[in-house]
Amino acid sequence: EKLRGDTKEYFKGLVSDSESLLPSLSNIIYYAETIRDKSKLRDGINLGQEITAQCFQPNADTEEVLANLEQLFARFIKERVLQSKKETTIEAFQSFVDKLAVVEEDRGTKTGFYDIDLMLHHLEGLTILAAQTSVGKTAFALNIARNVARDKPVLFFSLEQTEEQLFTRLLSAEAEVNSEEIRTQAFHADPISKALLLAASESVQNALQRLFIDDTAHVSTQYISSVA
């Protein structure tokens, strides 16, 4: 009331213009989400610039640069995980307790081996398969991966055996034909084995739509994390 007439009208116009420029309350969440999403995209742009800068270093050591790139990717993924974590530990625990009150069908990952599933209930977290050499650890793990791949995608890292060797194992287990016959191609002399392998190849090919094999040797945990 103490303002002069022309000054008062000026401020009234300023307030009126600001109302038309500022987002309404109903749209504020949309604008906030847009800003958040653009911030995430900027993080991706910054990552790309860092990668480009690393690769264009003069006389750079290739292995060192690749190791740095793995660290950049790992840090980027870690930050995304931390940003996407919406629940506090107490809220997560309360959600866990609430789920216990409801009887649900077990949807955990099964190995496909009945006796093993009775003992483990389902695969969860880190499961270590250990035994002496040459007792079938790789074959067993590959069969588990094959069983799981019927319903879920599986990424299988092989640090010792090549992709072709694993294909031989898969075909051998599926067709119930000795792997030595496949390696030496002796199955061509047996029409039954040949027919079994032909049928098995179709089944394995279907499984490989969800079973991905990486036979890169000497990989780091950062590489596994970035590929997964």
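Scope of the values below: all heavy atoms of this structure, side chains included, with no hydrogens, waters or symmetry mates.
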Between R75 and E50, is the closest basic N to carboxylate O distance under 4.0 Å?
-> yes
Do [X] and [Y] sit in one hydrophobic cluster, given that two such residues count as connected whenever their side-chain heavy atoms are within less than 4.5 Å of each other, even indirectly?
{"X": "L118", "Y": "I116", "value": "no"}
{"X": "L123", "Y": "L129", "value": "yes"}
{"X": "M119", "Y": "V148", "value": "yes"}

What residues form a side-chain contact (heavy atoms from CB on, under 4.5 Å) with T62, not counting sequence neighbours?
->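 Once residues adjacent in sequence are excluded, the partners of T62 under the side-chain contact (heavy atoms from CB on, under 4.5 Å) criterion are L66.
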List the atom of [X], the atom of [Y], and the distance in Å for their closest heavy-atom pair.
{"X": "D117", "Y": "G112", "answer": "OD2-N, 3.3 Å"}
{"X": "F156", "Y": "A145", "answer": "CD1-CB, 3.8 Å"}
{"X": "A175", "Y": "L197", "answer": "CB-CD2, 3.7 Å"}
{"X": "C55", "Y": "L69", "answer": "SG-CD1, 4.1 Å"}
{"X": "V154", "Y": "A149", "answer": "CG2-N, 3.8 Å"}
{"X": "F212", "Y": "P153", "answer": "CE1-CB, 4.4 Å"}

Interatomic spacing from [atom1] in [X] to [atom2] in [Y] - rounded to 0.5 Å:
{"X": "S203", "Y": "L198", "atom1": "OG", "atom2": "CG", "result": "12.0 Å"}
{"X": "L47", "Y": "I77", "atom1": "CG", "atom2": "CD1", "result": "9.0 Å"}
{"X": "I182", "Y": "E164", "atom1": "CD1", "atom2": "CD", "result": "12.5 Å"}
{"X": "T184", "Y": "E180", "atom1": "OG1", "atom2": "CD", "result": "5.5 Å"}
{"X": "S158", "Y": "Q165", "atom1": "OG", "atom2": "CD", "result": "7.5 Å"}
{"X": "N206", "Y": "R150", "atom1": "CG", "atom2": "CZ", "result": "11.0 Å"}

Test V135 against F140 for side chain to side chain contact (heavy atoms under 4.5 Å, CB included), laying out the working first.
-> CA-CA 9 Å; V135 295; F140 182 45; over 6 Å; no
Between the side chains of E64 and N68, does any donor sit under 3.5 Å from an acceptor?
->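 Short answer, no.
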Residues H218, L159; criterion side chain to side chain contact (heavy atoms under 4.5 Å, CB included); working and verdict = CA-CA 7 Å; H218 310 296; L159 307 184; over 6 Å; no
What I'd like to find out is whether the side chain of [X] reaches to under 4.5 Å of the side chain of [Y], using heavy atoms alone.
{"X": "F157", "Y": "I213", "result": "no"}
{"X": "F73", "Y": "I51", "result": "yes"}
{"X": "F187", "Y": "L196", "result": "no"}
{"X": "L211", "Y": "L155", "result": "no"}
{"X": "Q205", "Y": "L208", "result": "no"}
{"X": "V177", "Y": "I192", "result": "no"}
{"X": "K194", "Y": "H188", "result": "yes"}
{"X": "N147", "Y": "K110", "result": "no"}

For the pair D215 (side chain) and E163 (backbone), establish whether a donor and an acceptor sit closer than 3.5 Å, ignoring hydrogens and angles.
->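 Indeed, once roles are kept as given, a pair shorter than 3.5 Å links the two residues.
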Checking T52 side chain against G48 main chain: does a donor-acceptor pair fall under 3.5 Å?
-> yes
Assess whether side chain to side chain contact (heavy atoms under 4.5 Å, CB included) is satisfied between Q54 and L72, documenting all intermediate values.
-> CA-CA 10 Å; Q54 289 280 343; L72 290 173; 4.2 Å; yes
Knowing that exactly one of K137, R169, Q161 qualifies, which makes a side-chain contact (heavy atoms from CB on, under 4.5 Å) with L142?
->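 Of K137, R169, Q161, side-chain contact (heavy atoms from CB on, under 4.5 Å) with L142 is met by R169 alone.
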What do the steps show when you test S172 against R183 for side chain to side chain donor-acceptor pair (under 3.5 Å), and what is the final call?
-> CA-CA 10 Å; S172 176; R183 282 194 292 268; over 6 Å; no
